[in-house]
Structure formats: C-alpha cells, structure tokens
Amino acid sequence: MKFTTFVKGIHESDSDGNPVRKAGDYVLKEGWEGGARDKAGRPYDGAIHEEDRGKPVLLSDGTLKMKAPKAKGPAGAIARLRIPDGLPTGYQYRWVNVDDRGRPDILAGEHDWSMVLIDGKTRRMSVGAARDGLTEAVLMRKPQEWYDADQKAKEARNVTFEREKAKVTDANAEYIPRGKTEVLTDVRVR
C-alpha cells in the first residue's frame, strides 16, 4: 500500500525522527497495530474495523479502515438512563434492556451495536422490577458516524411514511391531519 501520510505511531523513523522509506513508501513498524487509530482517534476494535488475514486494514492516510455498517430495520424504543462519564469519544452510547428475546444480541448482530466493557466486564444496571423479577439493562455503543447515518436514514423513512400517510403528491404540500393537504404558506393551520 502507498501511504500518503507519515504516522508516528505506526511508521518507522530513523534516530533523527525522519520517516524510513522503502521503494518510496513509508515502512510500517513491527507491532504497528497497537498504535493505529481510525479517523475518530479510536484504537483497533474488531467489531468496527476491517481485517485482512487477522490484521487491521489501513487506509492510505495511515488510519484504520472502518467496516461498512449492516443493513438496518427498526430497533424499537428503550428507557433513557444516564451514560457514565469517562467513556471513549467517537461513539453513541445507549442502555438496552435485557429481555427473553435477546435484544442486546439482536442489536449487536443486526444493528452494529456492541457491549461496553469496563475493566473486562459488561456494564449492567438494574432498571426496575417486572412480574418475573428484577430487570436489567446493558450499556452498548456504536461508532458515531454509523449512528448519524442511521439517524439520517430513519428521518428519510419517516418523511416518506408521513407523506404516504397523508397521500401528498405535491412536493410543496405539508401533512395536515384528516388526510387533507394544503400548499405551504406563512399561515399555519390550527
């Protein structure tokens, strides 16, 4: 691979700090994987970064290549709980209720969320009592850029749904309850 940028944490340098080159390209350090970061500054994480033959994949700028997000369906609603301070940036965090359907596993497998580990343990919190005993939630995360893309797609689906629901065919029209449409004006319908 031809690197366009020298990255101190992953490329070799001589005693003066100058980049070492071989055939015109920067040379990777032995054990470079530990110093590699993605564009958001996150270290390698197999759940979100591409691999090739067991090694992280680098882009030409020396950053880790992100995996493509999975296709999504609706994930449902969850309770809002406080997210702990001091977690790595570059992620969207959420608490997910543990239920008999395996909701955290579904979000991890189909919606790109992964469990947050703190000191090697999954972060859990009691969220109340149910008929069959205490209930708990687990803390999960998703790379922020994937979360933002999902939110844009969800908003586009919602706009399409509302327009379809209102049977709006005029792009300048807006949804008004009871299936009526009206061209947008400065006067709001009450």
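Excluded from the calculations below are hydrogen atoms, water molecules and symmetry mates; all remaining heavy atoms, backbone and side chain alike, are included.
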**Q.** Residues in side-chain contact (heavy atoms from CB on, under 4.5 Å) contact with Leu87, at least two apart in sequence or another chain
**A.** Ile83, Pro84, Tyr93, Val116, Ile118, Leu139
Q.
Under a 3.5 Å distance rule, please check whether Lys39 uses its side chain to pair with a backbone N or O of Lys65 as donor and acceptor.
A. no
Q: With sequence neighbours left out, write down each residue that passes salt bridge (Lys or Arg N to Asp or Glu O under 4.0 Å) with Lys154, or none if nothing qualifies.
A: none
Q | Over all atoms of both residues, closest heavy-atom pair of Leu59 and Leu64 | A | CD1-O, 4.2 Å
Q: Could you tell me which residues satisfy side-chain hydrogen bond (donor to acceptor under 3.5 Å, both in side chains) with Arg21, sequence neighbours excluded, listed by chain and number?
A: Tyr26
Q) Do His11 and Leu28 touch side chain to side chain, with heavy atoms closer than 4.5 Å? A) yes
Q. Salt bridge or not for Asp112 and Lys67, using N-O below 4.0 Å?
A. no
Q: Kindly write out the residues that satisfy side-chain contact (heavy atoms from CB on, under 4.5 Å) with Ala137, not counting sequence neighbours, or none if the list is empty.
A: Leu81, Trp95, Asn97, Val127
Q) Taking only residues two or more places apart in sequence, or in another chain, which ones meet Asn158 in a side-chain hydrogen bond (donor to acceptor under 3.5 Å, both in side chains)? A) none
Q.
If I take atom CE from residue Met140 and atom OG from residue Ser114, how far apart are they, to the nearest 0.5 angstrom?
A. 6.5 Å
Q: List for me each residue that meets salt bridge (Lys or Arg N to Asp or Glu O under 4.0 Å) alongside Asp14, sequence neighbours excluded, and say none if there are none.
A: none
Q: Might you confirm whether atom CG of Asp119 has over 12 heavy atoms from other residues, nucleotides or ligands at distances under 6.0 Å?
A: no
(Q) Once rounded to the nearest 0.5 Å, what's the spacing between atom CD1 of Ile10 and atom CG of Leu58? (A) 4.5 Å
Q.
Can a donor-acceptor pair be found, under 3.5 Å and without considering hydrogens, that links the side chain of Asp61 to the backbone of Thr63?
A. yes
Kindly list each side-chain donor-acceptor pair under 3.5 angstrom involving residues 40-52, sequence neighbours excluded, with atom names and distances?
unit_1	atom_1	unit_2	atom_2	d
Arg42	NE	Asp38	OD2	2.7
Arg42	NH1	Gly90	O	2.2
Arg42	NH2	Asp38	OD2	3.0
Arg42	NH2	Glu145	OE1	3.4
Arg42	NH2	Glu145	OE2	2.8
Tyr44	OH	Glu51	OE2	2.1
Asp45	OD1	Ala47	N	2.9
Asp45	OD2	Arg141	NH2	3.3
His49	ND1	Asp45	N	3.0
His49	ND1	Asp45	O	3.3
His49	NE2	Asp38	OD2	2.8

Q | Arg157 CZ to Asp150 CG distance, which is reported to the nearest 0.5 Å | A | 8.0 Å
Q. Closest approach of Val7 and Gly62, non-hydrogen atoms and distance?
A. CG2-CA, 4.0 Å
Q | For Arg124, all residues meeting salt bridge (Lys or Arg N to Asp or Glu O under 4.0 Å), sequence neighbours excluded | A | Glu136
Q. In the hydrophobic clustering that connects Ile, Leu, Val, Met, Phe, Trp and Tyr at side-chain heavy-atom distances below 4.5 Å, which members other than Ile106 occupy its cluster, ordered by chain and number?
A. none
Q | Counterpart residues, side-chain hydrogen bond (donor to acceptor under 3.5 Å, both in side chains), relative to Asp148 (two or more places apart) | A | Gln144
Q: Provide the closest heavy-atom pair for Pro104 versus Met115 in the form atom of the first, atom of the second, distance.
A: CB-CE, 3.5 Å
Q: Tell me, with the steps shown, if Trp113 and Tyr91 meet side-chain contact (heavy atoms from CB on, under 4.5 Å).
A: CA-CA 10 Å; Trp113 291 89; Tyr91 293 93; over 6 Å; no
**Q.** With sequence neighbours excluded, residues passing side-chain hydrogen bond (donor to acceptor under 3.5 Å, both in side chains) with Lys55
**A.** Glu33
**Q.** For Val20, the rest of its hydrophobic cluster, which grows through side-chain links under 4.5 angstrom
**A.** Val27
Q) Side chains of Pro143 and Met66: closer than 4.5 Å at any heavy-atom pair? A) yes
